[in-house]
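Report on the following structure.
Here is how names work: the chains are called A, B, and so on, in the same order as the sequence lines, proteins then strands, and each is numbered from 1. What you are looking at is a predicted structure, and each value in this text was computed from that prediction instead of being measured.
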Number of protein chains: 2
Amino acid sequence: MQTDSLLKRNGLSVTESRKKILQLFLEGSGALAHGDIEKKAGEKFDRVTVYRTLQTFVDKGIIHTIPSADNSIRYALCKDECSEGHHHDHHIHFECSICHTTYCLDDVVTPQINLPKGYVAGHVEVVVEGVCKNCK
Amino acid sequence: MQTDSLLKRNGLSVTESRKKILQLFLEGSGALAHGDIEKKAGEKFDRVTVYRTLQTFVDKGIIHTIPSADNSIRYALCKDECSEGHHHDHHIHFECSICHTTYCLDDVVTPQINLPKGYVAGHVEVVVEGVCKNCK
DNA sequence: TTTCTTTTGCAACAACGTTGCTTTTTTATA
DNA sequence: TATAAAAAAGCAACGTTGTTGCAAAAGAAA
Ligand SMILES: [Mn+2]
Ligand SMILES: [Mn+2]
Ligand SMILES: [Zn+2]
Ligand SMILES: [Zn+2]
């Protein structure tokens, strides 16, 4: 199984919830919010388990967070070479205002930003809102 | 008073809470989250009033939202020519990872993003995380 | 001042998120 | 495979955040 080896490779024990949640990310196209996962998982798992699983996956560099202006963080698989404590997700994100899907645009790299004197840049997040290819 | 005329100009009645909250934005340097306002206002106002006031200000184009990956939207004054239903905030934002201040970098315009075929861009949000001029 | 309109505060509620602890599952090892 | 140790899941309880309806208070208009 794809999920099992991915979990093992990251030093995580293989459990039903982790397999199921990872599966959702692997098969789905867009990013998932906590609530999406609760629904899609078929209410098999405790809410707390979902919270803890997402946190574990983020810590291990399996998934990354996507900021939003509606107080619901979304999560998506890291396709870059992320590892424990070291995320390297340098792609931008796209939120469709019609179907509300959030996409990782893995091929669109984060632009260079010229900051005013005194500011030191770390990570740059870009979220583009618009209409996706399925909705126009 | 600066607050009174700003409120009137936007067709809003001048009330204690609106004046106080607007004041906080005018005198402060960084962006404010809902919680910051509750604290800074000196627990004078009901939580609900703060929510409704922020929503009203956003609707009128007085303040804009700043996305985040920590489930706490921040708000800042619009310095561009925003109006009811028409925000034109094309600047980027900076979050200091040390003091956790969020700045509007009004002079740094949002970059142009080349999207894959099929995606139509609307608004672009850029949030840079790093160390601010006061913290380095 | 009086009247009408808008906003506030309150109460109740729902959704979201966290923590400690017990039970269950997984892993490692004999 | 059986057993012991370690890790994760589930449960309960709780705190925080955000929403709604409604009555009281404040503001605008005249
Ligand atoms: Mn992504
Ligand atoms: Mn801004
Ligand atoms: Zn779409
Ligand atoms: Zn700082």
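Taking atom NE2 of B:His34 as the reference point, atom P of D:dG18 lies 6 Å away to the nearest angstrom. Regarding A:Glu16, its CD atom lies at a distance of 15 Å from the C1' atom of D:dG10, rounded to whole Å. Separating the CD1 atom of B:Ile21 from the P atom of C:dT7 is a distance of 13 Å, rounded to the nearest angstrom. Atom CG of B:Asp46 is separated from atom C1' of C:dC13 by 15 Å (rounded to the nearest Å). We find that OH of A:Tyr51 is positioned 20 Å from P of D:dA8, with the value rounded to whole Å. Separating the CG atom of B:Leu54 from the P atom of C:dT8 is a distance of 11 Å, rounded to the nearest angstrom. The CD1 atom of A:Ile37 sits 13 Å away from the P atom of D:dA9 (whole-angstrom rounding). Summarising the geometry, the separation between CG on A:Asp70 and C1' on C:dA15 is reported as 14 Å, rounded to the nearest angstrom.
With hydrogens and angles ignored, the 3.5 Å screen pairs no side-chain donor or acceptor of A:Thr49 with any backbone N or O of A:Phe45. Judged purely by atom type and a 3.5 angstrom limit, B:Asn10 has no side-chain atom pairing as donor or acceptor with the backbone of B:Leu12.
One cannot find a donor-acceptor pair under 3.5 Å joining the base of C:dG9 and the side-chain atoms of B:Arg47. Side chain A:Arg52 to base D:dG10: a donor-acceptor pair is found below 3.5 Å.
Residue A:Lys133 qualifies as enclosed at atom NZ: its count of foreign heavy atoms under 6.0 Å is above 12.
The existence of a salt bridge linking B:Arg74 and B:Asp36 is confirmed by a sub-4.0 Å separation between a basic side-chain nitrogen and an acidic carboxylate oxygen.
Using cut-offs of 30° and 60° for the angle between ring planes, the B:His86 and B:His88 rings count as parallel.
Take the nearest nucleotide of DNA chain C for A:Asn71 and for B:Arg18: the residue whose nucleotide is more 5' is B:Arg18. The 5' end of DNA chain C is approached more closely, in terms of each residue's nearest nucleotide, by B:Ser17 than by the other of B:Ser17 and A:Thr15.
The side chain of A:Val48 approaches D:dA12 more closely than any other nucleotide in the set D:dG21, C:dT7, D:dA12.
Phosphate contact (OP1/OP2 of D:dA6, side-chain N/O of A:Ser13, threshold under 4.0 Å): absent.
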